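Index from 1, following the sequence. None of these values were measured; they are calculated from a predicted model. Just follow the structure's listing: the first ligand is 1, and inside any ligand the first atom is 1.
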Amino acid sequence: MGLLIKNGEIVTASERYVADIWCENETVTRIDRNIPTPPGAEVIDATGKYVFPGFIDPHVHIYLPFMGTFSKDTYETGSQAALAGGTTTLIEMCCPARSDEALASFDLWMAQAVGKSACDFTFHMGVTKFDAKAEAQLREIVARGISSFKIFLAYKGAFGIDDTELYHTLKLAKELGVIVTAHCENETLVAERQKELLAAGKTDPGQHHESRPPSVEAEGVHHLMTFAELTGAATYIVHLSCKEALDEAIAARQRGVRVNVETLIQYLVLDKSYAERPNFEGAKYVMSPPLRDARNQAVLWNGLRSGLVNTVATDHAPFDFITQKPMGKDDFTKIPNGIPSLEERINLLYTHGVKAGKIDLHTFVNVASTQVAKTFDLFPRKGTIQPGSDADLVVFDPNYRGAISAQTQMMNVDYSAFEGWKIEGRPSVVTVRGQVAIKNGKFVGTVGRGQFLQRKPSHF
Ligand code: URP
Ligand code: ZN
Ligand code: ZN
């Protein structure tokens, strides 16, 4: 038995050629022209289609207790949605409350995924408190195969850590070779501006971006960069949304700070006018950092093309429009933050990036797969197509034409932020370690087959 993908145009971050791919025992074992079909092999004809390495989403929330509620997906629903959209590996944020212990939280998050995920997964370990006990437990979690931390400079009183904790988290990360992913917004400024806006009677979703303007995010990045410079730790700024924040990261990089930059598909294709829609519709578009002025989109696309921005994620955090977003009906600070998009990242990036001429095919693969794998210690098992790599493959039909709708999505949430948007191209076949998981948009894989990916730190 084995899987033979014939005549596809293989596209990696650096190469593009037509060949057959033979997969055995969950890995790619041969790439060649005209590979004869072994007896019993499953054959997929990829003529006229691209074959990409499975895409990796580096920033996902599946299990997320947040703002008084829980995000909607489970691993059963979220992993199938990921696969339908061409994402074969997801990196979830393990986000303990400050009162929770790190190890118990890690076990809790693992229990959500093991035996339930249809795609492979790993975690960034959230550091929401740092003391001697937390430090000992973080060392144990790294020994169990986690090589990245997550910290929040935002969300005062919830996930946010103070500067002493930030300093010691970065020092520990540097010692262990762990990369630190960070949500960068100045939490004091956010909290004070929220109070002022509410006191002035400004309660609607459109106030969300007023409470956290670009300078608030830029200050968060600058703050993290100062700590990274003094500790030497490797950092990764999650969900960077605007020019002001990117300028701070570039300035730090120029003075030798180790920093990677992630943006989100939402910031590339949406702008803040969506959050200003009347009749509370804007709540569908409330996330943090907020959607920005449209001028930032060109900055981010150019950043991807030139390598200043390294990866594209989703920060998938689904909350229902009918029952959960209205928690903030009379107070925008209580709207659960998040714009679901795990299923749509690749199709939107292809349609609005590649087809629109903003990025080429290699950049597309790089920012949504290869660079993620390299940064988070998954390469070359994931992120490329070569003998020895996991047979996570996306056969992508560039001629498909369709539209996005909540009616047809697999994500477990009652709306789509992209309702009615046209897409050009989509994955027609998606494999997870040699097993077909998606065929013509339908899930045909195995719930629970997804593996926890153990990673070894490399950022010394
Ligand atoms: O709005 C967002 N980003 N929701 C998820 C939590 C986070 O900050 O990543
Ligand atoms: Zn965040
Ligand atoms: Zn997030």
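- Identified under the ring-ring contact (aromatic ring centres under 6.0 Å, His included) test for residues 260-280, with sequence neighbours left out: Y274-Y285.
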Let's go through S117 and F452 carefully: what are the C-alpha distance in whole Å and the side-chain angles of both, what is the deciding distance for side chain to side chain contact (heavy atoms under 4.5 Å, CB included) to 0.1 Å, and is it a yes or a no? CA-CA 9 Å; S117 185; F452 169 61; over 6 Å; no
Take T446 and Q435 through the side-chain hydrogen bond (donor to acceptor under 3.5 Å, both in side chains) test and state the conclusion after the steps. CA-CA 9 Å; T446 310; Q435 188 191 83; 3.0 Å; yes
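- Of all atoms in ligand 1, numbered sequentially from 1 with element shown, those under 4.0 Å from a heavy atom of H61 are 5 (C), 6 (C), 7 (C), 9 (O).
- Cation-pi geometry between K150 and F152 is met: under 6.0 angstrom from the ring centre, within 45 degrees of the axis.
- Distance from atom 1 (O) of ligand 1 to its nearest protein heavy atom, with residue and atom name: S288 N, 2.8 Å.
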Run F364 and F55 through ring pair (Phe, Tyr, Trp, His ring centres under 6.0 Å) and show every step you take. CA-CA 10 Å; F364 168 69; F55 293 99; 5.3 Å; yes
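- Taking every heavy atom of H183 and a limit of under 4.0 angstrom, the matching atoms of ligand 1 come to 8 (O).
- Side-chain contact annotation: D73 with H61, donor-acceptor N/O pair under 3.5 Å absent.
- Of all protein atoms, those of element N, O or S that lie under 2.8 Å from the Zn ion (ligand 3) number 3.
- When heavy-atom distances to ligand 1 are checked against a 4.0 Å cut-off, M93 has no atom that comes that close, whether in backbone or side chain.
- No more than 12 heavy atoms of other residues, nucleotides or ligands sit less than 6.0 Å from atom CG of D330.
- Across the listed options F319, F159, Y155, Y155 owns the non-hydrogen atom lying nearest to atom 8 (O) of ligand 1.
- Side-chain contact check for H124 and S148: at least one donor-acceptor pair (N or O, by modelled atom type) lies under 3.5 Å.
- At a heavy-atom cutoff of 4.0 Å, ligand 1 is contacted by the side chain of D315 but not by its backbone.
- Residues H208 and S288 have side chains that bring a donor and an acceptor to within less than 3.5 angstrom of each other.
- Counting only N and O atoms by type, the side chains of T87 and R345 include a donor and acceptor under 3.5 Å apart.
- Shown in contact with H239 at under 4.0 Å from a heavy atom are these atoms of ligand 1, numbered in order with element: 8 (O), 9 (O).
- Of all protein heavy atoms, the one lying nearest to atom 4 (N) of ligand 1 is N337 O, 3.2 Å.
- Short contacts between ligand 1 and G338, defined as distances under 4.0 Å to a heavy atom of the residue, involve ligand atoms 1 (O).
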Can S147 and R455 be said to form a side-chain hydrogen bond (donor to acceptor under 3.5 Å, both in side chains), step by step? CA-CA 6 Å; S147 66; R455 300 179 288 136; 3.0 Å; yes
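- For the pair K150 and ligand 1, the shortest N or O to N or O distance does not fall below 3.5 Å.
- Residue contact check: M287 has heavy atoms under 4.0 Å from atoms 1 (O) of ligand 1.
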